[in-house]
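Just below is one structure, and these are the notes that go with it.
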Amino acid sequence: MHDLAEVTIRSIPVSEMDNNVYLITAKATGAQVLIDAADDAAGILRLLADGAEDARVPAKLALIVTTHSHWDHVRALADIVRATGARTAAGREDIGDIPVPTDVPLSDGDVGEFEGFSLEAIALRGHTPGSIALAYRDPDGPAHLFTGDSLFPGGLGNTGGDAARFESLYNDVVERIFDRFGDDTVVHPGHGKSTTLGAERPSLPEWRSRGW
């Protein structure tokens with residue numbers, strides 16, 4: 001868990017794919033945002049309950065954000081929507097491939113204002129057409145990026161060997177992530193362990209030359 005000044009960030013791994021499910025909870029207001037209801041609805045409901053303990057008032061799930069439309073990131077989405085009544089959000093170009101209606105289509109630069117924090121959507125086109133990252137800017141520390149399957153420790157997300165898709169994703173990651181955020185920025189990927197931009201930045205030329 002990341003216990004920050006105004007929010008906590010909790011996560012659990014789920015499924016045979018080791019997907020990360022993230023929960024941001026505002027300490028002062030109880031507002032919560034869930035990122036990628038990937039699988040294991042019961043585990044996600046326990047995560048919501050654990051996050052509620054971080055707030056000084058009763059918690060409420062305000063939004064479920066799906067970083068991209070791939071099946072392994074949405075398997076518990078319908079169950080969590082039914083259980084909580086929360087609204088859903090996803091990148092505009094991926095909405096048609098998500099098997100649950102999307103209430104809030106997201107475009108690059110959209111900012112969601114919640115009670116106690118805000119999140120910015122960053123389009124990272126290439127893994128899927130509508131893949132997004134979410135940026136939380138901690139007022140007292142480094143930014144936190146939730147990058148789905150677009151940026152991992154050691155490289156970019158899978159672009160199927162398609163040179164155009166790789167070029168698109170690489171350019172978006174460089175221009176919208178590495179050029180805009182500092183080296184202390186924490187990267188929370190859709191699978192596996194977190195990293196920082198500083199740890200990954202020296203590898204950018206290698207990623208470009210290898211094409212994945």
Side-chain angles (χ1 to χ4, degrees), residues 2 4 6-11 19-26 29 31-38 60-70 72-74 77 80-81 84 86-139 141-152 156-157 159 165 168-182 185-191 194-197 200:
H2 294 264
L4 308 181
E6 297 179 351
V7 306
T8 61
I9 300 171
R10 291 179 176 265
S11 66
N19 292 78
N20 291 322
V21 180
Y22 297 99
L23 176 68
I24 304 172
T25 302
T29 70
Q32 295 181 311
V33 172
L34 186 74
I35 301 169
D36 281 346
K60 172 68 174 177
L61 181 60
L63 192 68
I64 306 168
V65 183
T66 299
T67 60
H68 64 289
S69 60
H70 284 167
D72 61 309
H73 286 256
V74 298
L77 182 57
I80 298 302
V81 169
T84 65
R87 303 177 78 206
T88 59
R92 188 177 300 276
E93 290 79 6
D94 272 17
I95 287 173
D97 295 323
I98 296 174
V100 175
T102 298
D103 300 309
V104 183
L106 297 174
S107 298
D108 184 59
D110 286 348
V111 176
E113 298 288 351
F114 306 95
E115 292 182 281
F117 65 99
S118 62
L119 293 172
E120 179 188 352
I122 303 171
L124 301 175
R125 302 157 295 184
H127 183 63
T128 64
S131 287
I132 59 166
L134 296 171
Y136 170 69
R137 290 177 171 82
D138 182 5
H144 289 255
L145 295 174
F146 304 87
T147 56
D149 285 3
S150 292
L151 175 62
F152 295 98
L156 304 183
T159 52
R165 285 174 58 194
S168 174
L169 180 56
Y170 181 87
N171 289 340
D172 278 356
V173 165
V174 170
E175 295 168 6
R176 298 177 177 181
I177 299 293
F178 283 93
D179 287 354
R180 292 175 50 198
F181 292 88
T185 299
V186 183
V187 175
H188 303 284
H191 305 261
S194 296
T195 185
T196 65
L197 292 186
E200 307 304 322

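Between the side chain of Thr185 and the backbone N or O of Leu197 there is no donor-acceptor pair closer than 3.5 Å. Remark: the backbone N or O of Ser69 is not paired with any side-chain donor or acceptor of Thr128 at under 3.5 angstrom. Using modelled atom types, no side-chain atom of Asp110 and backbone atom of Ala121 make a donor-acceptor pair closer than 3.5 Å. Tyr22 places a side-chain N or O within 3.5 Å of a backbone atom of Pro189 that can act as its donor or acceptor partner. Side-chain atoms of Arg176 come within 3.5 Å of backbone N or O of Ala123 as a donor-acceptor pair.
Looking only at side-chain heavy atoms (C-beta outward), His2 and Asp138 stay at 4.5 Å or farther from each other. Within the 4.5 Å cutoff, side-chain heavy atoms of Asp108 are placed close to those of Ile122. Ile9 has its side chain within reach of Leu4: a pair of non-hydrogen atoms, C-beta onward, lies under 4.5 Å apart.
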Exercise for review: Dump the intermediate steps for side chain to side chain contact (heavy atoms under 4.5 Å, CB included) on Leu119 and Ile24, then the final yes or no.
Suggested key: CA-CA 10 Å; Leu119 293 172; Ile24 304 172; 3.8 Å; yes
Point to revise | Leu77 vs Ile64, side chain to side chain contact (heavy atoms under 4.5 Å, CB included): CA-CA, chis, key distance, verdict | key: CA-CA 8 Å; Leu77 182 57; Ile64 306 168; 3.6 Å; yes
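Nearest heavy-atom pair across Ile177 and Leu124 is CG1-CD2, 4.0 Å. Across all non-hydrogen atoms, the minimal contact from Arg87 to Asp103 is CA-OD2, 3.2 Å. Shortest non-hydrogen contact noted between Ser150 and Val173 is O-CG2, 4.3 Å. Taking every heavy atom of both residues into account, Ala135 and Phe181 meet most closely at CB-CZ, 3.8 Å. Smallest separation of non-hydrogen atoms from Ala89 and Leu106: CB-CD1, 3.9 Å. Between Val21 and Ala38, the closest heavy-atom pair is CG2-N, 4.0 Å.
Relative ring orientation between Tyr136 and Phe117 is described as perpendicular, the plane-to-plane angle rising above 60° on a 0-90° scale split at 30° and 60°. Under the 30°/60° scheme for interplanar angles, the aromatic rings of His188 and Phe146 are found to lie parallel.
With 3.5 Å as the limit, one finds a donor-acceptor pair spanning the side chains of Asp149 and His73. For the residue pair Asp36/Thr67, the side-chain donor-acceptor check at 3.5 Å is satisfied. Side-chain contact of His68 with Asp94: a donor-acceptor pair under 3.5 Å is absent, judged by distance alone.
Rounding to the nearest 0.5 Å places CG of Leu34 at 7.0 Å from CD1 of Ile80. Atom CD1 of Ile35 and atom OG1 of Thr147 lie 10.0 Å apart (nearest 0.5 Å). With rounding to the nearest 0.5 Å, the separation of OG1 in Thr29 from CD in Glu6 is 10.0 Å. Between atom CD of residue Glu120 and atom CD of residue Glu113 there is a gap of 10.5 Å, rounded to the nearest 0.5 Å. Separation of atoms NE2 (His127) and CG (Leu169) is listed at 9.0 Å; rounding is to 0.5 Å. Residue Ile132 holds its CD1 atom at 13.5 Å from CZ of Arg125, rounded to the nearest 0.5 Å.
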